[in-house]
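See structure below.
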Amino acid sequence: MNLSFAGCGFLGIYHVGVAVCFKKYAPHLLLGKISGASFGALSACCLLCDLPIGEITTDVLRVVSEARAGSLGPFSPSFNIQNVLLEGMQKYLPHDVHKIVSGKLHISLTRVYDGKNVIVSEFPTREDLLQALLASCFVPVFSGLLPPRFHGIRYMDGGFSDNLPVLDENTITVSPFCGESDICPRDLSSQLFHVNLANTSIELSKQNMNRFARILFPPKPEVLSNMCKQGFDDALRFLQRNNMISCTRCLAVQSTFQLQDVLDDTTYEYDPDCEECKTHRQDALVDDLPDTVMTIFQNAIDSANSGIVNWVMRQRAMRYLTLLTLPYRVPIDIMYASFTKRASEFRITYGDMRTTHDDVDTFEHILNVTSHNEALLAYYYLDSENKMKMTEIYDVTDADTDAVQSPMERDVNKQLEFDNDWSAELIADNGQY
């Protein structure tokens, strides 16, 4: 079985709930290939690397918190989603992540110049993988103006061409939008009309319209917690409906799952008389998100609602005031973003200038020593063409310049120098014996 995660922006917390369910009740589904676009590709990469769910949840909430902090939310000049995602990937993904996911992770990309879909699955280096993930998450205007390059070609969000890549007929599709995907929300007011957007089935309903509004505008932590729980429940319902929950002993004798067997609801792939399997399925009926994940959400909710400042900001009058002062806060946000960007560039440039200046001083000092001093040691040898060659060794450390010694090193060297009077007395004493 293969998996496919739909791109969904800040609704990606739904995939976290699905991942929790798979890791607990169907780990055999994580042994195949996993594809995805945008945040779905990030979720697939984290699953293949077996990253702790708690760390993934914490990082998603960090991104949401930074996106909601600006004057224009995620469209604020001070918020750069590409930099935020890159920071998280560099922190959590292992150094050999490209070796782990090559051949297993399939990332959906949209080629900019012709709008065609491209699926990449081989990553020679870690940088190649990071570039592919960033390109798959790039939404024009929201993420920036110039799409990133991958192998010299500019790509953008794979959701524009194939938001739910299906590798073969044995692919389980996961989407946070109510539709015809294998794992997706089931709204009570089911409609008869569906649309297919970039290979993603979406039902025309009020609930889906609300979900669309939250793709680029992250909701509050309470809503994110409910979405994560819904992902867990929907995945658990799918596993229960298709008899994919088995005990560890029964999973050991099952090599693959065929899609036609799943659709036919046959039971010969598992032992119906296994008491441990029955107990496992009964426990799953009343199971919920792990306490670790729930604690992280609860801490985020408490942090967002506690304190006098948060209480004041929740008042209706303060909301109106915030809206009225928006034209004044946006220029300040732009100035702050420009200042921090210039400061970062200055630190990099100044560091490079200092390094270059130190290298020049060291080179000039070596030239000065070799030109005005005699060599401490010289030896001759014959090269491969039987020609006489000479190598000279100079002492370039006997100097107090900053190019060779730091002030602390000079102080230490002075303390280690022998005192002439003390040396003379020691020689006289030895002569008496």
Side-chain angles (χ1 to χ4, degrees), residues 1-22 25-26 29 34-44 47 57 60 64 108 137 139 157-167 169-242 244 259 262-263 265 284-285 287-289 293 297:
M1 277 292 183
N2 301 320
L3 297 176
S4 180
F5 292 93
C8 51
F10 290 107
L11 298 181
I13 198 69
Y14 181 89
H15 295 330
V16 175
V18 176
V20 173
C21 182
F22 281 168
Y25 290 106
L29 296 180
I34 308 180
S35 59
S38 190
F39 195 94
L42 290 175
S43 303
L47 270 178
T57 307
V60 172
V64 170
S108 176
C137 296
V139 178
D157 197 320
F160 291 108
S161 54
D162 191 353
N163 193 50
L164 193 60
V166 178
L167 301 178
E169 61 180 6
N170 297 326
T171 300
I172 299 175
T173 55
V174 182
S175 173
F177 303 103
C178 179
E180 297 180 350
S181 300
D182 295 322
I183 299 176
C184 66
R186 303 297 177 186
D187 297 333
L188 296 178
S189 58
S190 298
Q191 304 292 328
L192 298 178
F193 299 100
H194 291 76
V195 293
N196 192 294
L197 297 178
N199 199 33
T200 305
S201 173
I202 300 176
E203 184 181 276
L204 295 179
S205 63
K206 180 180 178 181
Q207 293 87 342
N208 272 343
M209 294 300 103
N210 292 332
R211 296 185 183 104
F212 260 99
R214 293 166 176 169
I215 293 178
L216 300 181
F217 294 92
K220 297 180 180 180
E222 296 92 332
V223 179
L224 294 175
S225 177
N226 294 332
M227 291 174 57
C228 184
K229 185 179 184 303
Q230 186 175 22
F232 181 88
D233 294 339
D234 292 339
L236 194 59
R237 190 181 305 110
F238 172 81
L239 297 178
Q240 289 275 11
R241 184 173 65 250
N242 295 284
M244 288 186 173
L259 186 61
V262 174
L263 297 177
D265 288 332
L285 290 175
D287 200 5
D288 202 348
L289 284 173
V293 179
F297 277 114

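Computed from a predicted structure; not experimentally measured.
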Check the pair Asp233 / Arg237 against salt bridge (charged side-chain N to carboxylate O under 4.0 Å, His left out), numbers first and verdict last.
CA-CA 6 Å; Asp233 294 339; Arg237 190 181 305 110; 5.7 Å; no
Distance, nearest 0.5 Å, that separates CG of Asp182 from CE of Met1:
8.5 Å
Would you say Ser108's side chain and Ala37's backbone share a donor-acceptor pair under 3.5 angstrom?
no
Asn199-Asp162 side chain donor-acceptor pair, cut-off 3.5 Å:
yes
Find out whether Phe5 and Ile183 are in side-chain contact, i.e. whether some heavy atom of one side chain is under 4.5 Å from a heavy atom of the other.
no
Identify the residue among Cys8, Ser175, Cys184 that makes a side-chain contact (heavy atoms from CB on, under 4.5 Å) with Thr200.
Ser175
Can you confirm whether Pro176 sits close enough to Gln230 that some side-chain heavy atom of one is under 4.5 Å from a side-chain heavy atom of the other?
no
Between CE on residue Met209 and CD1 on residue Ile202, distance to nearest 0.5 Å
7.5 Å
Step-by-step side chain to side chain contact (heavy atoms under 4.5 Å, CB included) determination, Phe238 to Ile172
CA-CA 10 Å; Phe238 172 81; Ile172 299 175; 3.8 Å; yes
Any donor and acceptor pair, going by atom type alone, linking the side chain of His15 with main-chain N or O of Leu42 inside 3.5 Å?
no
Is Asn163 reaching over with its side chain to a backbone N or O of Gly7, donor-acceptor style, under 3.5 angstrom?
yes
Exam field: side chain Arg186 to backbone Gly179, donor-acceptor pair closer than 3.5 Å
yes
From CA spacing to verdict: side chain to side chain contact (heavy atoms under 4.5 Å, CB included), Leu224, Val64
CA-CA 10 Å; Leu224 294 175; Val64 170; 3.8 Å; yes
Apply side chain to side chain contact (heavy atoms under 4.5 Å, CB included) to residues Arg214 and Phe10 and explain how you reach the verdict.
CA-CA 7 Å; Arg214 293 166 176 169; Phe10 290 107; over 6 Å; no
Sub-4.5 Å side-chain heavy-atom contact between Lys229 and Val20
no
Taking the side chain as C-beta and beyond, is there a heavy-atom pair between Val16 and Phe232 under 4.5 Å?
no
For Ser4, give me all partners under side chain to side chain donor-acceptor pair (under 3.5 Å), at least two apart in sequence or on another chain.
Ser35
Do side-chain atoms of Asn208 reach the backbone of Leu204 as a donor and acceptor pair under 3.5 angstrom?
no
Distance check, rounded to the nearest 0.5 Å: Glu180 atom CD versus Glu203 atom CD?
9.0 Å
Does Ser43 reach the main-chain N or O of Phe39 with its side chain, forming a donor-acceptor pair under 3.5 Å?
yes
Hey, is the main chain of Phe160 close enough, under 3.5 Å, to the side chain of Asp157 for a donor-acceptor pair?
no
When you measure from the side chain of Thr171 to the backbone of Val166, do you find a donor-acceptor pair of N or O atoms at a distance under 3.5 Å?
no
Ser181 versus Leu164: any side-chain heavy-atom pair under 4.5 Å?
yes
Over all heavy atoms of both residues, which pair between Asn196 and Ser201 is shortest? Give the atoms and the distance, please.
ND2-N, 4.4 Å
The reported gap from CG in Asn2 to OG1 in Thr173 (rounded to nearest 0.5 angstrom) is 12.0 Å
Centroid separation under 6.0 Å, is that true for the rings of Phe177 and Phe212?
yes
Mind checking the SG-CG spacing from Cys228 to Leu11? Nearest 0.5 Å is all I need.
12.5 Å
Passes side chain to side chain contact (heavy atoms under 4.5 Å, CB included), Val174 versus Asp234? Steps please.
CA-CA 10 Å; Val174 182; Asp234 292 339; over 6 Å; no
